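Structure record follows, encoded as structure tokens.
We count residues from 1, following the sequence as given. Every number for a ligand or one of its atoms is a count from 1 in the order of the listing. On a predicted model such as this, the values are computed, not experimentally measured, just so you know.
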Amino acid sequence: MAIQGGVTGQRIPRLDAVAKVTGKAKYTADINLPDLNRYAGKPVWEKMLFGKILRCPLPHARVRRIDISKAEKLPGVRAVMIIAKEGAELRYAGEAVAAVAAESEEIAEDALRLIEVEYESLPFEVDTDRAYEKGQRGSPRVNRWGEGEDGFKEAEVTVEVTVRTPVQIHTPLEAHGSVVGWEAPDRILAFDSTQVLFAVRDSLAREVQLPPEKVRVICEYMGGGFGSKLWMHQHVPIAARLSRMAGGLPVKLILSRKEVFLTTGNNPDSVQHIRIGAKKDGTFVAFYRRSYGTGGVGGGADLPGPYYRFQHGFVEHYDVFTNAGPSAPLRAPKHPQAVFGVESAIDELARVLGIDPVELRIKNDPNEIRRKEWQIGAERIGWKQKWQPWGSQTGVKRRGLGCAASAWGGGGGPGSQAEVRIHRNGTVEVLLGTQDIGTGTRTVVGIAAAEALGLTPEFLRSDKFVVYIGDTRLGRSGGSGGSTTAASVYPAVYDAAEKVLRRLLDIVAQKLGVSADQLVARDGRIFVRDNPQKGLRWEEATKLLPTDLISERGEWRRGMTGSGVGGVQFAEVEVDTETGKVQVIKIVAVHDCGRVINRLTAEGQIIGGVVQGLSFALLEGRIMDKQTGRMVNADMENYKIAGSLEIPEIEAILLDMPERGVIGLGEPPIIPTAAAIANAVANALGVRITSLPITPDKVLAALGKVKS
Ligand code: MOS
């Protein structure tokens, strides 16, 4: 049956909205006794313990001696474990050294202070440029197409920019953390804040050498991850081991905000030397980029792009190794910084050629949908009426307009299994082991079932409709990454719902004396297609069930999803040339995501992406102290993220193209924001700030008012 759109594409408030705002929703840190016993199904535990991890204060060190005996003797301490043995090398400030479990958080903290560690301090480097110059880098990643650099010979104009972006931290509202207990000598119950429920289960099972079915992982509610919760973090097996040492008592181990900053991942920084060559009429010819960046002790700083059509190109990238925590994918990993580089260069080209920046982009954009989005966005921001040439203003406060584009995949795939149950009293239950990282997946799951069953939005939001997710006991589901969740779970749930509906239709058909294929389910009724008067209301139909409930399972299937989305954003900013402050006035964000499932949360994705992109443009950045090798702003006071005062009017425009199928939208809207804002600032001032974040000191330096 084709999707009718009775529920899909409407504006559906989150099914868990009330539970979240009233505090009824339990996040990992809210899990205590007796909840734990309730989940276990019997009173297994009388007490819960608190875990803490001792972390290395030095950026590079070797453990000379470690002594946990005093900590072990502290009353209330139930387990102490050494993670970095004597002789172990620690490569960044924040690496785990030892862990304790105690009867209270305070005792656990006291116990950490009683652990004696003697470190041998080793040479370190936390500065990306210096590490690069010293040769602390991997082999180059090179990509060449067309004639490579030789392609510039065909160019009539060449522009060059060098841009920099800082290391950014994911800063999800909810810290990483777990509660883990042994229900039996061979069975674990674990709660973890994660984007990959089943990967945590499988990884933990491997670590403790249990079969996966002996490990149950639960994450019913989650306060974001942005990519930093895409694998099992070390605290999970640590909590499991501490628990086992303490006779199986559950251990709650929630990371502090500082631990989140130092150890759970970050978005690598970048230095990008970019050159683009073009014909005088604006046709792009050649692209060159040489870049480096640090993913700390890991890699992963390479950049995508260039997004537009260049006949010739050469890109070369170096991962630089520094003594800092490893990187992790962050919402559209590395795309915002790559787009910032490319779009800065394109803007320079527009200025040099005297071509309108929007026209120049449309001329070189290979994507048809995006060419339409450029038109819509330009119209909504008032580009034609408001745009003025770079630096043509003279007042104290100067306004500017800028734009940039994005591209992303967002397709789904097999691996999700859902179950849908219909009860005789009309209640519908949907069960699927996916996690909702905060994007509204629980509601997407509900919409898929309600759509297939022909129920109304009101029924979906009533207490007769229940969605169970976030538990590995339910059907398997993939991780929430790469904006693939919606396109992975929607078809699986729809499939299950369609199958169970077929059974109900058979029963109704008998009652009405027609064949089942003459029946349709729509608007909360089941009726004869050619004679809509002849039919039953949902609850009248379900009353005919011979058993208390019927149930079917479904799987992902082809044909309902697509992939490949584009987006463009326009920014209007006002820059105060006396204070250097940039105020974003308005962002117009035009995006597509194939078939819109929930217009409300889809627009929410766009707004959220813009907010995070704006934050990256103007405020964020990890600051490392070169002398001590430590991060100096590892807290929410000194690591700046956008608050309500920074947020402008955001106009989210969503193209609905049902024929393209369901496509993910979580990541793309963060991609163009920083570039659009930076281009708007350059437009307002007539000078370009090529280093993010665009802070007042950089604005004043660019204007020649202070030294940089
Ligand atoms: Mo995303 S960076 O795949 O959570």
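Atom CZ of R473 sits in a sparse spot, with 12 or fewer heavy atoms from other residues, nucleotides or ligands closer than 6.0 Å.
Within ligand 1, the atoms closer than 4.0 Å to a non-hydrogen atom of G481 are 3 (O), numbered from 1 in the order shown. Applying the 4.0 Å criterion to heavy atoms of R331 picks out, from ligand 1, the atoms 2 (S). Taking a cut-off of under 4.0 Å to the non-hydrogen atoms of P329, the atoms of ligand 1 that pass are 2 (S).
Ranking protein heavy atoms by distance to atom 3 (O) of ligand 1, first place goes to G482 N, 2.6 Å.
Put simply, the side chain of D192 reaches to within 4.5 Å of the side chain of H235, judged on heavy atoms.
Both the sub-6.0 Å distance and the 45° axial angle are satisfied by R137 relative to the ring of Y132.
The six-membered or imidazole ring of F287 lies near that of F310, with a centre-to-centre distance under 6.0 Å.
Between atom 4 (O) of ligand 1 and the options K334, E667, Q195, K229, the minimum heavy-atom separation is to Q195.
Residue F226 has no nitrogen or oxygen atom sitting less than 3.5 Å from a nitrogen or oxygen atom of ligand 1, judged on distance alone. Ligand 1 has no nitrogen or oxygen under 3.5 angstrom from a nitrogen or oxygen of P333.
S488 places a side-chain N or O within donor-acceptor distance of the main-chain N or O of G413, the cut-off being under 3.5 Å. At distances below 3.5 Å, not a single donor-acceptor pair connects side-chain atoms of N638 with backbone N or O atoms of D635.
Contacts with ligand 1 closer than 4.0 Å are made by backbone heavy atoms (N, CA, C, O) of L330 only, the side chain lying farther away.
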